[in-house]
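The block underneath contains the structure these notes are about, expressed in structure tokens.
Just the heavy atoms: all of them, side chains too, but no hydrogens, waters or symmetry mates, feed the values below. Starting from 1, each residue takes its place in the sequence as its number.
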Amino acid sequence: MEGLCICARFLEDGDMFTVDWLIAELRGLVSVSGEPIQRLGAYAVEGLVARLASSGSAIYNALRCKEPVLPASMELLSYMHVLYEICPYFKFGYMSANGAIAEAIKEENRIHIIDFQISQGTQWITLIKALADRPGGPPHIRITEFRAVGIPASEIQVENLKIQPGEAIAVNFALVLHHMPDESVGTQNHRDRLLRMVKGLYPKVVTLVEQESNTNTAPFFARFVETLNYYSAIFESIDVALPREHRERINVEQHCLAREVVNIIACEGVERVERHELLGKWRSRFAMAGFKPYPLSSYVNGAIKALLGKYSSKYTLEEKDGALYLGWMDRHLVSSCAWR
């Protein structure tokens, strides 16, 4: 990791001769099938090379880890599913958000869930089953995913959501708000505009799940170090779940994680779409938009503890100031909270 940071420092200082030499040396030390830091290092080196060549955006678009639109893309769909199964990150987010939503709408008969995430719909299966078993019969449920609206989430307006009178609204932001450009990118601050728009819907609850990392406005070198520290924990957690030579593991890391690493390291301005913020900053944004915290229930906390019992003992769960943090050893990786 030290060699990677030295290279990044020389790159920030504009010493291209030394950077080229170091990259050649580093290529001999990293491997997509090596130890966690070697695997992450392989993608970090590609990020540095892409930054030099201004090709980070092209690489990001070529490596995709999202819902496919054609049956021929089933292999791509499997990358996300493998990550979903071997690590608890997605399940943690889904369970904590679903628990908050279920509590907020437990007495409502007409429910509209607005889901801004890019997903396969996996999150809603358990919630719909739970609502179907309600005493007195199931409520009427409508789910709007922003992909179905047909325009980028950052450009959505109220009229695109087709809100109907009498609906109890729940809004889900699961690992998506960090893709919204803010005031540091341009004059149109979509990140805060979207929160103000959602507040205007008078929702019963708004759930937020985000990566606990600080890469949005950090200068290049600080961002590079933060990226190595954050993703090294992710790669270590994958290492205990799948063998290093496992082809699926390589595909998952390449398509679901490497693209993020390359984008954070190589890109600037509007091309850098992976712009994570710590929960403290999200709290400020939600408060400025007029939201107040909505405490997560103790039942949710217990259910997530039971979930983590099925995974490595190195995963940690911390409840702090009304939010939940999922971590690996001493590093918080994902935070979850709710607002209204």
Side-chain angles (χ1 to χ4, degrees), residues 65-69 71 73-74 76-153 156 160-164 166-179 194 198 201 203-211 256 294 296-297 299-304 306-307 310 324 326 334-340:
C65 184
K66 65 182 183 181
E67 184 175 9
V69 293
S73 300
M74 287 306 292
L76 199 57
L77 176 60
S78 72
Y79 302 150
M80 181 72 85
H81 181 71
V82 170
L83 189 59
Y84 177 84
E85 289 298 331
I86 65 174
C87 298
Y89 304 120
F90 291 114
K91 291 177 183 176
F92 161 79
Y94 294 169
M95 287 179 69
S96 55
N98 282 358
I101 292 171
E103 178 68 22
I105 62 174
K106 62 184 178 183
E107 297 180 358
E108 304 293 339
N109 293 318
R110 296 185 64 227
I111 300 162
H112 185 180
I113 298 172
I114 300 171
D115 184 12
F116 281 89
Q117 71 170 332
I118 301 173
S119 73
Q120 302 153 22
T122 310
Q123 175 171 351
W124 307 119
I125 296 172
T126 54
L127 180 62
I128 290 171
K129 285 181 179 177
L131 292 173
D133 294 335
R134 251 195 202 175
H140 176 270
I141 306 172
R142 190 158 69 99
I143 299 177
T144 299
E145 287 196 0
F146 84 81
R147 281 169 62 84
V149 174
I151 58 175
I156 283 182
N160 301 127
L161 301 174
K162 297 180 170 53
I163 305 297
Q164 297 175 4
E167 291 181 324
I169 294 171
V171 178
N172 183 53
F173 287 119
L175 303 171
V176 69
L177 266 184
H178 69 270
H179 287 148
L194 202 56
V198 166
L201 303 176
K204 294 292 182 180
V205 68
V206 177
T207 53
L208 175 71
V209 180
E210 275 295 345
Q211 289 153 276
C256 297
Y294 184 88
L296 298 174
S297 72
Y299 169 78
V300 172
N301 197 337
I304 293 173
L307 167 72
K310 302 174 183 177
L324 288 177
L326 175 64
V334 185
S335 61
S336 179
C337 57
W339 304 80
R340 66 177 305 168

Gap between atom CD1 of Ile163 and atom CG of Leu161 - 0.5 Å precision: 5.0 Å

Suppose we screen for side-chain contact (heavy atoms from CB on, under 4.5 Å). Which residues come up paired with Ala102, at least two apart in sequence or across chains? Leu127

Are Ile111 and Pro139 close enough that some pair of their side-chain heavy atoms sits under 4.5 Å apart? yes

Parallel, tilted or perpendicular: ring planes of His81 versus Tyr84, cut at 30 and 60 degrees: parallel

d(Ile143 CD1, Asn172 CG) to nearest 0.5 Å is 10.0 Å

Find out whether Ser96 and Ile304 are in side-chain contact, i.e. whether some heavy atom of one side chain is under 4.5 Å from a heavy atom of the other. yes

Over all heavy atoms of both residues, which pair between Pro138 and Ala132 is shortest? Give the atoms and the distance, please. CB-CA, 3.7 Å

Val198 vs Phe173, side-chain contact (heavy atoms from CB on, under 4.5 Å): CA-CA, chis, key distance, verdict: CA-CA 11 Å; Val198 166; Phe173 287 119; 3.8 Å; yes

Candidate pair Asn301 and Leu296, rule side-chain contact (heavy atoms from CB on, under 4.5 Å), full reasoning: CA-CA 8 Å; Asn301 197 337; Leu296 298 174; over 6 Å; no

Can you tell me how far the CG atom of Asn109 sits from the CZ atom of Arg134, to the nearest 0.5 Å? 6.5 Å

Does the side chain of Asn98 pick up a donor-acceptor pair with the side chain of Trp124 at under 3.5 Å? no

Within the structure provided, determine whether Phe116 and Val171 are in side-chain contact (heavy-atom separation under 4.5 Å). yes

Pairwise salt bridge (Lys or Arg N to Asp or Glu O under 4.0 Å) hits with a residue in residues 87-97, at least two apart: Glu85-Lys91

Quick check: do Ser336 and Leu208 have side-chain heavy atoms less than 4.5 Å from each other? no

Value for CD1 (Ile105) from CD1 (Ile141), rounded to nearest 0.5 Å, stands at 6.5 Å

Is the shortest side-chain heavy-atom distance between Gln164 and His112 below 4.5 Å? no

State, to 0.1 Å, how close Cys256 and Tyr79 come at their nearest heavy-atom pair, and which atoms those are. SG-CB, 4.0 Å

Going by heavy atoms in the side chains, are Val209 and Tyr94 under 4.5 Å from each other? no

Can you tell me if Glu210 uses its side chain to pair, donor with acceptor, with the backbone of Leu177 under 3.5 Å? yes

Leu201/Ile114 under side-chain contact (heavy atoms from CB on, under 4.5 Å): CA gap, chis, key distance, verdict: CA-CA 11 Å; Leu201 303 176; Ile114 300 171; 3.9 Å; yes

When every non-hydrogen atom of Ala97 is compared with those of Gln123, the smallest separation belongs to CB-NE2, 3.6 Å

Looking at side-chain heavy atoms only, is the closest gap between Tyr294 and Val206 below 4.5 Å? no

For residues 101-112, pull every pair meeting salt bridge (Lys or Arg N to Asp or Glu O under 4.0 Å), keeping only residues two or more places apart or in separate chains. Glu103-Lys106, Glu108-Lys204

Quick one: does Phe90's side chain get under 4.5 Å of Leu175's, heavy atoms only? yes

Going from OG1 on Thr144 to CD1 on Ile156, what distance comes out if it is rounded to the nearest 0.5 angstrom? 9.0 Å

Using every non-hydrogen atom in the two residues, find where Gly99 and Val300 come nearest and quote the distance to one decimal. CA-CG2, 3.5 Å

Rounded to the nearest 0.5 Å, what's the gap from OH on Tyr89 to CG on Leu326? Could you check? 6.5 Å

